[in-house]
Amino acid sequence: MLWIGTSFKMTKTRGEAAEYAARLRHGVGRSGIPGVQPFVIPSATAIAEVGAVLGIESPVLVGAQNAHWADSGAWTGEISVLQAADAGARLVEIGHSERREHFGETDATVALKVRATLRHGLIPLVCVGEGADVFARGGSVDHVLAQVAAALDGITDTSSVLVAYEPVWAIGEHGREPRPEEIEGVHDALRREWGDRVAAVLYGGSVNPSNAKALLEVPGVGGLFVGRAAWDISGFLAILSTAAEAAAV
Ligand code: PGA
């Protein structure tokens, strides 16, 4: 199964997200895409809207971009896993590099959030990745393995966990599209260490319809996590159809 998803990050009104969801529902159809598990992660404001438009039986999973580890309480500005689930999320993105960089997310808070997500039966999507400096000195594998180990430390059953390897130097507007061979080492290491224990390891960072095929061919890549290139529904549908072809091989 190839997991193919997008996070809207801080984009789209509820109306825009609903329109996107309607076109996604049409593109994916009722029975979905064989061999592909699509998911979409809107802003918290639009989770319920997107879920409602996709419909309860949708083959597309809806997620939240973040959730707190506590079930409720005095945590102004946060939403809990329970609240995300109540809005319709079945997956929680945890530890994206933008949250680590700008919002003080650490390996310790990531681990707490993974546990809270599993406790409530949602799927944690754990994002890991090294910065340009670590990449330049050849430390990517150690860095990423340490992040995953910290996130999943002490959890006996990690079989529902998704890991997204997202090198920080490849993410976003200032990111650089990787050559497939640049991500091979980390994916190989993740496959050896975690391949049997997690649901899938995805790649993310400057994925687009032109490079999706080559990235999916990297051994150990079990899906793609896409930002900008999927914010227009045609981009997401193009990547989904590339994945459908890859899954059919
Ligand atoms: P990008 O974002 O595809 O826009 O590089 C990826 C991500 O942050 O997950």
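All heavy atoms count here, side chains included; hydrogens, waters and symmetry mates do not. Atoms within each ligand, like the ligands themselves, are counted from 1 in listed order. Everything quoted here is computed from the prediction, not taken from an experiment.
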Give me the nearest non-hydrogen protein atom to [atom] as residue plus atom name, then the distance to 0.1 Å.
{"atom": "atom 9 (O) of ligand 1", "result": "Glu166 OE2, 2.6 Å"}
{"atom": "atom 4 (O) of ligand 1", "result": "Arg228 NE, 2.6 Å"}
{"atom": "atom 6 (C) of ligand 1", "result": "Gly227 N, 3.8 Å"}

Consider ligand 1: state whether an atom of it lies below 4.0 angstrom from any non-hydrogen atom of [X].
{"X": "Ser206", "answer": "yes"}
{"X": "Gly172", "answer": "yes"}
{"X": "Lys9", "answer": "yes"}

Using a strict cut-off of less than 4.0 Å between a Lys/Arg side-chain nitrogen and an Asp/Glu carboxylate oxygen, indicate whether Glu98 and Lys9 qualify as a salt bridge.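 Looking at Lys9 together with Glu98, the answer is yes, because their closest N to O distance falls below 4.0 Å.
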I'd like to know if Arg119 and Asp71 make a salt bridge, using a cut-off of under 4.0 Å between side-chain N and carboxylate O.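 Judged by the 4.0 Å cut-off on N to carboxylate O distance, Arg119 and Asp71 do form a salt bridge.
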Between ligand 1 and Glu98, is the shortest N or O to N or O distance under 3.5 Å?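 Such a contact does not occur with ligand 1.
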Quick one: sort the Trp75 and Trp69 rings into parallel, tilted or perpendicular, breaks at 30° and 60°.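 Because their plane-to-plane angle is over 60°, the rings of Trp75 and Trp69 count as perpendicular.
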Counting only heavy atoms closer than 4.0 Å, does ligand 1 sit against the backbone of His96, its side chain, both, or neither?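 Just the side chain.
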Option passing side chain to side chain contact (heavy atoms under 4.5 Å, CB included) with Ile239 (candidates Ser234, Pro38, Pro209):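 It is Pro209, the one option of Ser234, Pro38, Pro209 that forms the side chain to side chain contact (heavy atoms under 4.5 Å, CB included) with Ile239.
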Atoms in ligand 1 flagged as close to Ile171, the criterion being non-hydrogen separation under 4.0 Å: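 Listed by number with element, the hits are 5 (O), 8 (O).
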Summary of side-chain hydrogen bond (donor to acceptor under 3.5 Å, both in side chains) pairs that have at least one residue in residues 236-249, sequence neighbours excluded: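 Non-adjacent pairs meeting side-chain hydrogen bond (donor to acceptor under 3.5 Å, both in side chains): zero.
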Can you name the side-chain hydrogen bond (donor to acceptor under 3.5 Å, both in side chains) partners of Arg25, sequence neighbours left out?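 Not a single residue meets the side-chain hydrogen bond (donor to acceptor under 3.5 Å, both in side chains) criterion with Arg25.
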Is it the case that the ring center of Tyr165 lies less than 6.0 angstrom away from the ring center of Phe225?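 Judged by ring-centre distance (under 6.0 Å), Phe225 and Tyr165 do not meet the cut-off.
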